[in-house]
Amino acid sequence: MGEQPIFSTRAHVFQIDPNTKKNWVPTSKHAVTVSYFYDSTRNVYRIISLDGAKAIINSTITPNMTFTKTSQKFGQWADSRANTVYGLGFSSESHLVKFAEKFAEFKEAARVAKEKSQEKMELTSTPSQAMTSATTKESATGDLQSPLTSESINGTDDERVTANTTQNSESRGEANAVPFPHSSNINKHWEAELAALKGNNAKLTAALLESTANVKQWKQQLAAYQEEAERLHKRVTELECVSGQATGIKTQKTELNQTIEELEAALKAKEEELERLKEEVQKANQLQTQKDTDSQKLQETETRNQELEAQVVELEQRLESSQIEQENFRKSLRSLLELLDGKIFELTELRDSLAKLIEGS
């Protein structure tokens with residue numbers, strides 16, 4: 001089936017500063033998906049988180065790991081393979097509790113899987129080690145059969161190994177000590193070879209016992225080293241938890257300060273926008289007032305224009321009437337002039353007639 005996701009949540013991802021080992025360094029600008037994966041082929045559990053195409057968490061869960069809740073919404077764990085400490089900031093305490101429960105569950109599953117794997121390896125390696133040791137012993141002793149068993153290879157039943165080795169060597173010596181009827185030189189040769197084989201067998205037995213004792217000593221030293229490493233690891237985890245808690249609080253404080261600064265900047269921008277809108281409203285009111293004034297003036301001007309147009313029409317009518325009157329007056333004057341001309345002509349004729357009468361008389 002390969003590797004499959006079995007649980008997912010969202011959180012802000014942090015890593016411990018590799019230089020100071022105190023401060024948290026955010027590895028994601030926003031909350032990302034953090035998932036538990038199970039690899040059925042290798043029987044391992046991993047925590048994986050991606051920020052785009054970049055893997056910001058790739059941590060294999062081991063029985064030695066411990067997930068620590070340093071606050072109501074923050075938790076961390078140390079990964080010795082990646083040589084770092086991961087921190088997760090959740091949106092609520094319930095998400096943190098759920099993630100911690102899954103961590104403990106998969107940690108226990110990893111421990112059980114590791115124990116089963118070790119038992120399987122021991123069962124597989126024990127017969128192969130016995131066969132290898134027996135083959136080496138047979139090649140070293142020639143025709144001498146090795147009495148070693150798998151228990152003696154693993155460092156147990158030392159007395160039985162020594163007894164069986166000695167018994168088989170003596171029985172082989174008795175069989176080889178049968179005198180040959182043809183030559184005493186052959187008998188001496190086999191006796192010398194038997195003595196050499198006995199010496200080699202004794203050396204190999206001593207070396208085996210010494211190796212078994214060394215293996216026991218090495219196992220004890222390894223167990224002591226593992227206990228010491230576990231104690232130091234727990235101590236480091238405790239110290240990291242203490243520093244991580246303070247660092248988490250400091251990180252939250254820094255985030256809150258940044259949020260406050262952003263809100264103050266946004267508020268200042270809104271206030272500036274409000275002032276600008278007020279100025280625009282005032283300008284709009286002034287423009288509206290000016291528009292109303294201009295509209296009133298325009299209306300007055302139109303009214304005055306209509307009055308002037310009426311006056312012009314009236315004047316035009318009066319002018320037309322005056323022109324008609326003047327024309328009539330002119331006609332009257334012409335008639336009067338014609339009448340006067342006629343009267344003057346008659347008077348002239350009358351004068352001439354009177355003058356002629358006077359001259360005639």
Side-chain angles (χ1 to χ4, degrees), residues 9-14 25-33 49-54 56 73 89-92 95 250-361:
T9 186
R10 292 186 66 83
H12 291 272
V13 180
F14 299 86
V25 178
T27 57
S28 62
K29 296 180 180 179
H30 48 79
V32 295
T33 302
S49 178
L50 299 177
D51 187 6
K54 179 183 178 182
I56 55 178
K73 297 182 181 180
F90 296 88
S91 60
S92 64
H95 288 82
K250 184 178 180 181
T251 303
Q252 292 179 356
K253 182 179 179 181
T254 304
E255 292 178 352
L256 290 175
N257 290 332
Q258 292 177 354
T259 304
I260 291 172
E261 291 177 357
E262 292 174 356
L263 292 175
E264 288 178 349
L267 181 60
K268 185 177 180 181
K270 293 295 182 182
E271 291 176 350
E272 292 176 354
E273 183 71 14
L274 183 61
E275 292 294 331
R276 186 179 64 81
L277 291 175
K278 286 182 178 179
E279 292 177 358
E280 290 181 356
V281 169
Q282 291 177 356
K283 290 180 180 179
N285 292 331
Q286 292 176 358
L287 291 174
Q288 185 66 31
T289 303
Q290 184 69 25
K291 181 181 177 181
D292 294 337
T293 303
D294 293 337
S295 298
Q296 186 176 1
K297 288 181 179 180
L298 179 61
Q299 187 175 2
E300 293 175 355
T301 303
E302 288 177 352
T303 304
R304 181 63 178 170
N305 189 22
Q306 290 177 358
E307 293 176 355
L308 291 175
E309 286 179 354
Q311 291 178 2
V312 168
V313 171
E314 184 180 359
L315 290 173
E316 287 178 351
Q317 292 176 355
R318 291 174 62 183
L319 178 62
E320 186 178 359
S321 300
S322 178
Q323 288 177 352
I324 293 172
E325 291 176 356
Q326 287 179 2
E327 185 67 27
N328 292 330
F329 181 72
R330 286 175 183 175
K331 287 180 180 180
S332 299
L333 286 176
R334 287 191 188 97
S335 299
L336 183 59
L337 286 173
E338 289 177 355
L339 182 61
L340 285 174
D341 287 338
K343 295 294 181 180
I344 291 171
F345 183 71
E346 289 176 356
L347 289 172
T348 302
E349 287 180 350
L350 180 60
R351 180 181 175 275
D352 291 336
S353 295
L354 288 177
K356 286 177 180 182
L357 287 177
I358 294 170
E359 290 176 353
S361 62

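- A heavy-atom distance below 4.5 Å is found between the side chains of Ile56 and Lys54.
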Test log, rule side chain to side chain contact (heavy atoms under 4.5 Å, CB included), inputs Leu357 and Glu359: CA-CA 5 Å; Leu357 287 177; Glu359 290 176 353; over 6 Å; no
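- Nearest approach of Glu327 to Arg334, heavy atoms of both residues: OE2-NH1, 4.4 Å.
- Between the CG atom of Leu350 and the CZ atom of Phe345 there is a distance of 12.0 Å, given to the nearest 0.5 Å.
- For the residue pair Ser49 and Thr33, the shortest heavy atom distance occurs at OG-O, 2.9 Å.
- In this structure, CD on Glu316 lies 10.5 Å from CD on Gln323, to the nearest 0.5 angstrom.
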Side chain to side chain contact (heavy atoms under 4.5 Å, CB included) between Leu339 and Lys343, worked out: CA-CA 6 Å; Leu339 182 61; Lys343 295 294 181 180; 4.1 Å; yes
Candidate pair Glu307 and Arg304, rule salt bridge (Lys or Arg N to Asp or Glu O under 4.0 Å), full reasoning: CA-CA 5 Å; Glu307 293 176 355; Arg304 181 63 178 170; 3.5 Å; yes
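- Checked against Asp294 for a side-chain hydrogen bond (donor to acceptor under 3.5 Å, both in side chains), the options Gln290, Lys297, Lys291 give a single hit: Gln290.
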Stepwise side chain to side chain contact (heavy atoms under 4.5 Å, CB included) check, Asp292 with Gln296: CA-CA 6 Å; Asp292 294 337; Gln296 186 176 1; over 6 Å; no
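- Of the possible polar contacts, one joining the Thr303 side chain to the Gln299 backbone as a donor-acceptor pair under 3.5 Å is found.
- The main-chain N or O of Val13 is found under 3.5 Å from a side-chain atom of Thr27 such that the two form a donor-acceptor pair.
- In terms of heavy-atom proximity, Asp51 sits nearest to Lys29 at OD2-N, 4.5 Å.
- Here the closest heavy-atom approach between residue Lys73 and residue Ser91 is recorded as NZ-O, 3.4 Å.
- When atom types are taken as modelled, the side chain of Asn305 and the backbone of Thr301 share no donor-acceptor pair closer than 3.5 angstrom.
- Atom CZ of Arg318 sits about 10.5 Å away from atom CD of Gln311, to the nearest 0.5 Å.
- Other residues, nucleotides and ligands contribute only 12 or fewer heavy atoms inside 6.0 Å of the CD atom of Glu320.
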From CA spacing to verdict: side chain to side chain contact (heavy atoms under 4.5 Å, CB included), Glu273, Leu277: CA-CA 6 Å; Glu273 183 71 14; Leu277 291 175; 4.2 Å; yes
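- Within a 6.0 Å sphere centred on CZ of Arg276, other residues, nucleotides and ligands contribute more than 12 heavy atoms.
- Taken to the nearest 0.5 Å, the CD1 atom of Ile324 stands 10.0 Å off from the CG atom of Leu319.
- Taking CD of Glu314 as the start and OG of Ser321 as the end, the distance is 10.5 Å to the nearest 0.5 Å.
- Thr9 is listed as a side-chain neighbour of Phe90, based on a closest heavy-atom distance under 4.5 Å.
- Interatomic distance, OG of Ser332 versus CG of Leu337, reported as 10.5 Å (0.5 Å rounding).
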